[in-house]
Amino acid sequence: MTLLEVKNLKKYFPITKGFFRKVVGLVKAVDGVSFEIEEGETLALVGESGCGKTTTAKCILRAIDPTEGDIILRVDGKEVNLAKLQGEELKPYRRYIQMVFQNPYTSLNPRMKVKDIVGEPLLVNGIAKGKELEDMVAELLQAVGLRPEYMVRYPHAFSGGQRQRIVIARALALRPKLVVCDEPVAALDVSIRAQILNLLMDLQEQFKLTYLFISHDLSVVEHISDRVAVMYLGRIVELARTEELFENPKHPYTETLLVAVPKPDPDFREELRAIEGEVPNPANPPSGCHFHLRCPYAKKICEEVYPEYRNVGTGEEPHYVACHFAEQLTLRGIKIS
Amino acid sequence: MKVMEKVLEIKNLRTYFTLMEGTVKAVDGVSFEVRKGEILGLVGESGCGKSVTAQSILRILPENGRIVSGEILLHNENGVIDLAKLELDSEEMRQIRGKEISMIFQEPMASFSPVYTVGAQMMEAILLHEDVSKAEARRRVIEMLKKVKIPNAEKVVDMYPFELSGGMLQRCMIAMAMSLNPKVLIADEPTTALDVTIQAQILYLMKELQKEYRSSIVLITHDMGVIAQMADRVAVMYLGIIAESGDVYEIFKNPLHPYTRALLKSIPKLGVRKTRLEAIKGVVPDPYNFPSGCRYHPRCDHFMKGLCDVKEPVDVEVAPGHTVKCFLYGGERS
Ligand SMILES: Nc1ncnc2c1ncn2[C@@H]1O[C@H](COP(=O)(O)OP(=O)(O)OP(=O)(O)O)[C@@H](O)[C@H]1O
Ligand SMILES: Nc1ncnc2c1ncn2[C@@H]1O[C@H](COP(=O)(O)OP(=O)(O)OP(=O)(O)O)[C@@H](O)[C@H]1O
Ligand code: SF4
Ligand SMILES: [Mg+2]
Ligand SMILES: [Mg+2]
């Protein structure tokens, strides 16, 4: 069953200048993004800095107003378009979608005890108080692998990995359907990352969670996600099942990303090679295919026409891609064992 | 095995910080050597002492930090100089910084002053060390900018840092660091702040330049992938010490220290899909209070009670050039 359907989502930020903040341009941070998330799956959103991952997430969480498009949530047999709701109207649906941020050092209030941090959503929503609240907090802490006794402590007494566990416990308090994880392990010590990734996978099973998992780290994404969407300058350029996307990439940008990942194996040393260009300014994207200036396969048409985003796979194995030559090119993927 | 010429030798370096809360033994007995024309990878997690090691070598430690003991031997034409014994701001140390040993940092934006053009700052570095005219310095700067593949070098030389992207600035930083053809380049997380495609470009560039100039690089990173792609030899740090060091193939194909093994197993690898990762247990210890004995013992799967928590293992050379600090391989002699 489809839990969330995002259709033609757009978010434009005005670029203003001078004292009167005259609008001189637009950053098309998200520019026509569509995808669905099935209940219980993990969809990853990958791409380099500034491609619009966090903005997409913020629209879904309705932390910001989308410029255009639909965000359809299906819960309890009902269907609501979050993009069309405002203020108070959104309140009953907020509990279904929660977020885990990148930085566990800044996302916890240092003056609140763990008990209050994790219990706050339950208290505010009138779900529990007093002893019952404490029991629920204890249960949540246990679920994320922390001792219930820790609830009387303040965040500073915890390591980065433990703080991220607290953040996760809080996000789970209201039993959400969808958890948006925005780079949840990027700020953690390398030796702690695996613990948190394992925890996220365990919790998914235990609480039947659906994840939108945002990351720029392809090895993490490959590990945790069922399907992957690759973004470039505010648009999805490729979307497929994880194995399919990694083994059989259809977009030259995806191939570039896969080549660029430094593999932790000295046998792959020759792979390090020059990659063309930089990510263009999103306020002034190139004509035609946004990737054409960096693409090793670009032809004349790529400078002129934005390629249609279409399914080049089958009904059973859909593979969406926006490249003029997706059907012709044989790109280098990574064999998955 | 041919013996390669040493350019830098660190012997039993200890650098401590004094704080209200206690003493942080940021670097606590580190030894390694850097050979001519090689890339030495210094890898380890946040807080293990990589940057403090670099700052100690260049003698640019923050005020509350001091080198407590050890030697930092620079080998050059005039023989061997112990940098640990030089005055911080002596003429000799100033000449060494930039000319003999130079450094690039993680945040290119923070390494350049915002109020001068990139070219002016690069020229200043050349003029400080060499007796050349301004016109000649400018010509050299433009030449270096071209070397690091900056498009429109003639224009970029007059631009301010904020006008350039992070990747371009990091190229300028590398150009500046290489402009005096130093013996040793210390690169502290040079690509951590960059996107993966830009990281690949910068790493490729560093490798090309290193081959051309035959300089030595100490590459500091927490990323095992970057190490595997770049380093000839590797030193793995954990809480102020070097747990294991050796040839890059030895470290990746035949890791011996339980920490190195666990670290390599815990990172997700492209192309290997497993349902669960093998996580390292426990937390990274508090820097004021390192565990007794072997500092990895509370997290180690091979912990031997009465030994690992009591005595500190010493370096054992298990194969030529491959050294491990762990009782599983001896490490008891002291
Ligand atoms: N509030 C804002 N006002 C103006 N521009 C914005 C705002 N928020 C984001 N942007 C711009 O929108 C684009 C997309 O930003 P976003 O944060 O969504 O990227 P991202 O993919 O999450 O990147 P990162 O990997 O760096 O987190 C960027 O160019 C960014 O500068
Ligand atoms: N100025 C300082 N005052 C006090 N302690 C310091 C100072 N600088 C570093 N330290 C401490 O020294 C230890 C080593 O720090 P260092 O910066 O060398 O780590 P690192 O390995 O470079 O980590 P990272 O990967 O995060 O850059 C840490 O415990 C750190 O908190
Ligand atoms: S010395 Fe002991 S505790 Fe330390 S790494 Fe070796 S086995 Fe583990
Ligand atoms: Mg983001
Ligand atoms: Mg550092």
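We name chains A, B, ... by the order of the sequence lines, and we start the count at 1 in each one.
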Between A:S191 and chain B, which part of the residue has a heavy atom less than 4.5 Å away: side chain, backbone, both or neither? both

Will you find, in the side chains of A:E278 and B:S165, an N or O donor that is under 3.5 Å from an N or O acceptor? yes

Ranking A:V220, A:V221, A:V190, A:N198 by heavy-atom pairs under 4.5 Å to chain B gives rank one to A:N198

Is there side-chain contact between B:L194 and B:I202, with at least one heavy-atom pair below 4.5 Å? yes

Which atoms of B:L270 approach chain A - backbone, side chain, both or neither, heavy atom under 4.5 Å: both

Heavy-atom pairs under 4.5 Å with chain A: which of B:K253, B:H222, B:M224 has the most? B:K253

Is the shortest distance from a Lys or Arg side-chain nitrogen in A:D265 or B:K269 to a carboxylate oxygen in the other one below 4.0 Å? no

Are A:R294 and B:T197 close enough that a side-chain donor and a side-chain acceptor fall under 3.5 Å? yes

Is any NZ, NE, NH1 or NH2 atom of the basic residue among B:R35 and B:D232 found under 4.0 Å from an Asp or Glu carboxylate oxygen of the other? no

Can you tell me which portion of A:N281 sits under 4.5 Å from chain B's heavy atoms? Options are side chain, backbone, both or neither. neither

Which of A:G50, A:G333, A:G277 touches chain B most, by non-hydrogen pairs under 4.5 Å: A:G277

Check for me whether the distance between the ring centres of A:F158 and A:Y150 falls short of 6.0 Å. yes

Which bit of A:E247 comes within less than 4.5 Å of chain B, counting heavy atoms only: side chain, backbone, both or neither? neither

Counting heavy-atom pairs under 4.5 Å with chain B, which one of A:T256, A:L218, A:L257, A:T242 comes out on top? A:T242

Suppose we call two aromatic rings close when their centres sit under 6.0 Å apart. Are A:H290 and A:Y232 close by that rule? no

Side chain, backbone, both or neither of B:A231 within contact of chain A (heavy atoms, under 4.5 Å): backbone

